[in-house]
Amino acid sequence: MNTEQDKAIAQKGRHIGLVIAGTMLLWVVMTLFIGPAIGLAGRYALLFDFAALAGFVYAVINIIQLWRMRQASEQDRQR
C-alpha cells in the first residue's frame, strides 16, 4: 500500500509542477506576445492576469492536498 501512496504522491507532484509551469508559460506568452500582436488593448491583459491567478490558486490548493497526503503517508509508516 505504501508504494501505491508513493506513486499517487509523485503523480500529484508532477501534476502540480506542470500546472505551475504551464500557467506561467501561457501567462507570459499571452500577455507579452499574443495580446500585443493581435492588437488587444492593455486592459485585456488584466483578464490574462486573472486567468493566471486562478491557475496559481488551483496549484496552491493542490499543494496543500499534497502536503496532507504526505503527512498521512508518514503517519501510516510510523504505525
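Values reported hereafter were calculated over all heavy atoms of this structure, with side chains retained and with hydrogens, waters and symmetry mates removed.
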Taking only residues two or more places apart in sequence, or in another chain, which ones meet Leu25 in a side-chain contact (heavy atoms from CB on, under 4.5 Å)? Val29
Partner residues of Arg68 under the side chain to side chain donor-acceptor pair (under 3.5 Å) criterion, sequence neighbours left out: none
ILVMFWY cluster, Val28 and Ile34 together (side-chain gap under 4.5 Å): yes
Set of side-chain contact (heavy atoms from CB on, under 4.5 Å) partners for Ile9, sequence neighbours left out: Leu66, Met69, Arg70, Ser73
Are Met30 and Met24 connected, step by step, through hydrophobic side chains (Ile, Leu, Val, Met, Phe, Trp, Tyr) whose heavy atoms are closer than 4.5 Å? yes
Search all heavy atoms of Ala59 against all heavy atoms of Ile20 and return the closest pair with its distance. CB-CG1, 3.7 Å
Residues two or more places apart in sequence or in another chain: which of them pass side-chain contact (heavy atoms from CB on, under 4.5 Å) with Arg14? Ala10, Gln11
Determine which pairs satisfy side chain to side chain donor-acceptor pair (under 3.5 Å) with at least one residue from residues 47-65, sequence neighbours left out, and list them in order. Lys12-Asn62, Lys12-Gln65, His15-Tyr58, Trp27-Asp49
Should Phe33 and Phe48 be counted in the same cluster of Ile, Leu, Val, Met, Phe, Trp and Tyr side chains packed under 4.5 Å apart? yes
I'd like to check the side-chain contact (heavy atoms from CB on, under 4.5 Å) partners of Tyr44; sequence neighbours left out, ordered by chain and number. Leu40, Ala41, Leu47
Going hydrophobic residue to hydrophobic residue with side-chain gaps under 4.5 angstrom, can you get from Phe56 over to Val60? no
